[in-house]
Amino acid sequence: MKYQSRKKAILLLADGTIFHGKAVGKEGNAFGEVCFNTGMTGYQEIFTDPSYYGQLMIATNAHIGNYGTNIEEVESDSIKIAGLIVKNFSENYSRVSADASLQEFLEKNNLLAISDVDTRALVSYIRDHGAMNAVISTEIDAIEKLQQKLKETPEMNGLELASKVSTKEPYFVGNPDASIKISALDLGIKKNIIRHLTNRDAYVKVFPYDASYEEMKEWEPDGYFLSNGPGDPEPLNQAIDTAKKIIENDHPLFGICLGHQVIALANDIDTYKMHNGHRGINHPVKNVITGKGEITSQNHGFTINREQTEANDNIEITHVHLNDHTVAGIKMKNKNCFSVQFHPEASPGPNDSTYLFDQFIENIKK
């Protein structure tokens, strides 16, 4: 679809605010919570990250699509965002390793996108008013109908989404003769997380989001991992119970993002929905243990309660987000368990925090 022939489209926010643009990819409607990612690169990995399931993604970089796509640069088997909002959408791309345009990638995945939006004004508005539900639509004359449907769209607060992206059956990744066996709970796991584990001589069995401790233990793993994922952590009762039993039995445990929040809930630390969340590949975090700063990749709309974390005698804060001082990492003082709110596997993003995978392997070997 050439630029000149694109249909007019709108982004309608839940509070009635409208932004105008042009449709990219298919026509129709796409509903979800609107959020923004500040990354300059890595759009394909972001779009396929299961943690973004059900969200309308604003790409703050001025140009999206200019380096095309590559079939290897995905974090799951399909696009997980509900829709895409950009300023300038590049039909032409330039990169030796690209195998398709972003336009073709969106069409293949049946994703609705809108371009020519004033994304600077939109992000400024969202920062002031907070994340909210919205709809991308080519039905520009059906505002009242769209507003009614928006009212019927579930809020992210209280919404369980891990079941939408988790594997239905257990599966194995890596070398069966590896020196370490890890049971991973798939709450929306990224491929690069598994890659980091298998690259460290681990054989990984990935379990559905609602797997019990007994099911994960039956394989006799050396360590346990709780993955990233979308939605509110509080409804994940089975995952929280599984985490509690892993911790009670003092098995080596590592959690990332949603997995980190589940570990907090297993320790009676509450989570809450943030005004905007953290989504980008340049978030500054301080490692309280080493005193060093780390630039991290982040993607979360919920976080854990800092006051309750500081008051918990069994928990030590290991990492702090330097922009807003939210808790970015914890470890248990009396158990072999730690977790972080950010993404040490990056993809996209910096590699400052990949040492955490080494730390997990060392904890297992101990």
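Owing to the predicted nature of the structure, the values given are computational and were not obtained by experimental measurement. Hydrogens, waters and symmetry mates play no part in the numbers below; they use all other heavy atoms, side chains included.
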To the nearest 0.5 Å, atom CD of Q103 lies from atom OG of S115 at 9.5 Å
Taking it one step at a time, do D186 and Y171 satisfy side-chain hydrogen bond (donor to acceptor under 3.5 Å, both in side chains)? CA-CA 10 Å; D186 176 13; Y171 63 92; 4.7 Å; no
Under the side-chain hydrogen bond (donor to acceptor under 3.5 Å, both in side chains) criterion, do N299 and D49 qualify, and how do the steps go? CA-CA 9 Å; N299 167 21; D49 181 348; 3.2 Å; yes
Hey, do the aromatic rings of W219 and Y203 have their centres closer than 6.0 Å? yes
Do V204 and T198 have side-chain heavy atoms sitting under 4.5 Å apart? yes
Sub-4.5 Å side-chain heavy-atom contact between Q341 and H321: no
Do M132 and D15 have side chains that get closer than 4.5 Å, going by heavy atoms? yes
Presence of salt bridge, R6 and E27, under 4.0 angstrom: no
Got a salt bridge between K245 and E214, using NZ or NE/NH1/NH2 to carboxylate O under 4.0 Å? yes
For H260 and S339, work out which heavy atoms get closest and say how close. ND1-OG, 2.8 Å
Find out whether M216 and L185 are in side-chain contact, i.e. whether some heavy atom of one side chain is under 4.5 Å from a heavy atom of the other. yes
Decide whether T242 and Q238 meet the rule of one side-chain donor and one side-chain acceptor closer than 3.5 Å. yes
Run the ring-centre check on F342 versus H319 and record whether the distance is less than 6.0 Å. yes
Between N312 and N267, is there a side-chain heavy-atom distance shorter than 4.5 Å? yes
Would you mind reporting whether I317 and T309 have side-chain heavy atoms less than 4.5 Å apart? yes
Between N276 and I126, is any pair of side-chain heavy atoms under 4.5 Å apart? yes
Does some side-chain heavy atom of E75 sit less than 4.5 Å from a side-chain heavy atom of N192? yes
Would a line drawn from the ring center of Y52 to the ring center of F47 be shorter than 6.0 Å? no
So, do F254 and F225 have ring centers that fall under 6.0 Å from each other? yes
